[in-house]
K.L.:
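Here it is: the structure, laid out below.
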Number of protein chains: 2
Amino acid sequence: MPTAPVSARDRLVAAAFDLFDVRGFDETTVDDIAKAAGVGRTTFFRHFGSKESVIFPEHDDLLARIAGRLDAGDAASSDVAVSEAARLVLRYYVGEGDRARIRYRLISSVPVLKAREIASIRQYQSLFARALSGWAEDDVDAVLRAELLASAIVTAHNHVLRRWLRGEVDDPEDAFGHAMSVVLEQARGAGQGGAGETTVVVVRGGSTPEQVAAAVQRTLKGQ
Amino acid sequence: MPTAPVSARDRLVAAAFDLFDVRGFDETTVDDIAKAAGVGRTTFFRHFGSKESVIFPEHDDLLARIAGRLDAGDAASSDVAVSEAARLVLRYYVGEGDRARIRYRLISSVPVLKAREIASIRQYQSLFARALSGWAEDDVDAVLRAELLASAIVTAHNHVLRRWLRGEVDDPEDAFGHAMSVVLEQARGAGQGGAGETTVVVVRGGSTPEQVAAAVQRTLKGQ
DNA sequence: AAAAGATGTGGTACTCAGTACCGTACTGGC
DNA sequence: GCCAGTACGGTACTGAGTACCACATCTTTT
């Protein structure tokens with residue numbers, strides 16, 4: 001068979017991950033990647049603004065999807081909106097599988113990549129904060145509370161993702177649900193302190209009632 | 001008088017801030033900075049690993065001071081320790097005055113500097129998280145809660161610092177105290193399960209509300 | 001006082017990321 | 001057929017960052 005029918009962009013990403021993984025980030029030049037992908041150096045920079053960006057090839061897409069999910073939410077269901085938006089990111093990375101693991105290794109060992117990842121995460125966080133801030137009622141501390149919740153969600157997400165990447169968690173969706181319960185419990189707990197009410201938030205669909213029940217039980221016990 | 005008795009390092013920082021401010025970051029080369037400071041280009045890179053680093057000249061010092069303050073704390077006074085450590089950073093930037101404002105303008109307009117700042121902040125956050133995690137009792141969610149509190153503190157700090165940089169706050173120390181009260185109120189409020197309200201977050205769903213309700217009921221009864 | 005180190009410095013040469021610009025091949029539409 | 005839009009390759013350039021060498025000053029040792 002001749003050249004595979006994949007786009008130059010995909011070949012560049014594959015070649016970059018491969019070379020970075022076996023040879024290291026600093027030891028791999030953009031020329032190497034381009035040659036391995038069978039394209040010119042110019043083409044690399046046309047698709048990815050920098051050598052680091054090729055590690056996060058769908059970052060912009062993800063960002064847009066998150067913005068879309070947040071735009072679809074409203075003040076009444078803000079918790080659900082932000083939870084689901086964060087879940088979008090989690091699912092993407094989990095769905096990547098090995099590629100996510102290679103990225104994790106690279107990020108852990110190459111400072112410039114770690115900085116890049118942290119900056120990416122902050123973009124998500126800013127989207128969350130802006131959405132939450134827009135939904136909040138007029139309070140002196142509304143912006144602060146929005147930023148706090150946004151950072152908490154991102155922290156919970158990263159906590160779970162990292163644990164999954166290290167193989168410490170089997171079901172990341174489940175773990176994220178639990179982490180979010182911790183987050184929302186805190187945020188709500190201090191909200192207006194209304195007593196006696198019961199709030200049920202169904203974050204995501206796709207499982208059996210038995211699984212739901214088990215999740216609820218874990219949540220209650222975790223208290 | 002001959003050359004001022006300030007060190008080459010200080011002259012480099014001053015020259016860099018001056019040139020970045022009037023001419024812009026990208027339009028200023030390291031050669032320009034070195035020439036303006038009256039030193040060679042080599043000397044610049046000997047003091048600052050990169051062109052960005054000169055914007056955060058005392059970052060390592062600050063990091064060490066924070067680590068020191070956190071090491072001086074213990075589990076019983078963890079809230080005080082982290083608050084004071086964060087205050088260290090706030091005081092440093094506020095004490096810088098104009099330089100902090102120039103940095104803020106630069107960071108706001110130059111993406112690579114913004115990324116750098118965010119990475120710096122994350123280093124503080126990691127210090128907080130590690131300290132808090134070490135102080136926490138053994139809980140399944142101890143690490144998560146530590147990370148959440150660390151991110152909340154950093155978020156509160158940044159919130160106040162940015163407001164002060166924009167001139168929206170007169171007394172940053174006071175504002176930070178208030179922000180920290182919001183943070184700690186949330187963290188404590190949900191800590192040991194304050195009585196009265198009940199928040200249930202169902203992790204996975206997708207069935208009808210009736211099924212969820214039934215599942216919840218079974219869960220509660222089964223407990 | 002002389003030798004030996006430590007430290008800070010300047011200069012040169014090199015690699016490589018990133019940009020600008022130009023020419024070319026391949027599309028679809030008229 | 002022509003033409004516009006798009007994707008690609010090549011060349012040349014700027015500038016960040018590294019490696020290495022030479023020099024000057026200062027302190028310590030003998």
Side-chain angles (χ1 to χ4, degrees), chain A residues 2-17 19-20 22-57 59-61 106-107 109-117 119-120, chain B residues 2-17 19-20 22-57 59-61 106-107 109-117 119-120:
Chain A
T3 315
V6 292
S7 68
R9 191 173 198 281
D10 290 342
R11 287 205 310 273
L12 280 168
V13 173
F17 269 88
L19 287 171
F20 290 165
V22 300
R23 197 191 304 179
F25 182 79
D26 290 328
E27 289 72 26
T28 303
T29 70
V30 173
D31 251 317
D32 295 335
I33 302 170
K35 278 198 171 58
V39 301
R41 205 176 80 103
T42 311
T43 300
F44 179 92
F45 283 109
R46 209 170 273 131
H47 284 286
F48 310 98
S50 71
K51 187 178 162 187
E52 298 108 82
S53 317
V54 73
I55 298 289
F56 310 96
H59 172 66
D60 290 340
D61 275 8
L106 287 170
I107 286 173
S109 58
V110 184
V112 65
L113 292 180
K114 178 168 279 179
R116 185 75 176 221
E117 191 218 18
S120 303
Chain B
T3 316
V6 291
S7 68
R9 189 174 199 279
D10 290 342
R11 288 205 310 274
L12 279 167
V13 172
F17 269 87
L19 286 170
F20 290 165
V22 300
R23 198 191 303 179
F25 181 80
D26 290 328
E27 290 71 27
T28 303
T29 71
V30 173
D31 253 319
D32 295 335
I33 302 170
K35 279 198 171 53
V39 300
R41 204 176 81 104
T42 311
T43 300
F44 179 92
F45 283 110
R46 207 169 276 132
H47 284 285
F48 311 98
S50 71
K51 187 178 164 186
E52 298 108 81
S53 316
V54 74
I55 299 290
F56 311 96
H59 172 67
D60 289 340
D61 275 7
L106 286 171
I107 286 174
S109 59
V110 183
V112 64
L113 292 181
K114 179 168 278 177
R116 184 76 176 219
E117 192 219 17
S120 303

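Every chain is numbered from 1, with letters handed out A, B, ... down the list of sequences. Both backbone and side-chain heavy atoms feed into the values below; hydrogens, waters and symmetry mates do not.
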K.L.:
How many angstroms lie between CD1 in I33(B) and OG1 in T43(B), if you round to the nearest 0.5 Å?
P.N.:
13.0 Å
K.L.:
Send over the distance from R116(A) CZ to dG18(C) C1', rounded to a whole Å.
P.N.:
13 Å
K.L.:
So which one's nearest nucleotide on DNA chain C is more toward 5', V39(B) or K51(A)?
P.N.:
V39(B)
K.L.:
Below the 4.0 Å mark, does dC8(D) have OP1 or OP2 next to a side-chain nitrogen or oxygen of T43(A)?
P.N.:
no
K.L.:
Looking at every heavy atom in both G49(A) and S53(A), which two are closest together, and how far apart are they?
P.N.:
N-OG, 4.1 Å
K.L.:
Nearest-Å distance, CG (D32(B)) to P (dA16(D))?
P.N.:
8 Å
K.L.:
To the nearest angstrom, how far is F45(B) atom CZ from dA13(C) atom C1'?
P.N.:
15 Å
K.L.:
Figure out the CZ/P separation between F48(B) and dG8(C), and round it to whole Å.
P.N.:
13 Å
K.L.:
If you compare every side-chain N and O of H47(A) against the phosphate oxygens of dA7(D) (OP1, OP2), does one of them come in below 4.0 Å?
P.N.:
no
K.L.:
With a 3.5 Å cut-off and heavy atoms only, can you find an N or O donor on one side and an acceptor on the other between the side chain of R9(B) and the base of dG8(C)?
P.N.:
no
K.L.:
CZ of F25(A) versus P of dA17(C): gap in Å, rounded?
P.N.:
8 Å
K.L.:
Check the distance between dG10(C)'s C1' and R11(B)'s CZ and give it to me in whole angstrom.
P.N.:
13 Å
K.L.:
Kindly point out which of dG18(C), dT18(D), dC16(C) is positioned nearest to the side chain of R41(A)?
P.N.:
dG18(C)
K.L.:
Whole Å only: how far is the CZ atom of F44(B) from the P atom of dG17(D)?
P.N.:
8 Å
K.L.:
Is there a side-chain contact between F20(A) and V54(A) (heavy atoms, below 4.5 Å)?
P.N.:
yes
K.L.:
Categorize T28(A) for me: base, sugar-phosphate, or nothing, with a 4.0 angstrom heavy-atom threshold over every strand shown.
P.N.:
sugar-phosphate
K.L.:
Just say parallel, tilted or perpendicular for the rings of F44(A) and F48(A), cut-offs at 30° and 60°.
P.N.:
tilted
K.L.:
How many Å lie between CG on L113(B) and P on dA16(D), as a whole number?
P.N.:
13 Å
K.L.:
Counting distance alone, no hydrogens or angles: does the base of dG18(C) have a donor or acceptor under 3.5 Å from a partner atom on the side chain of R46(A)?
P.N.:
no
K.L.:
Quick check on DNA chain D: between E52(B) and T42(B), whose nearest nucleotide comes earlier from the 5' end?
P.N.:
E52(B)
K.L.:
Please answer whether the main-chain N or O of A37(A) pairs with a side-chain N or O of R11(A) as donor and acceptor at a distance below 3.5 Å.
P.N.:
yes
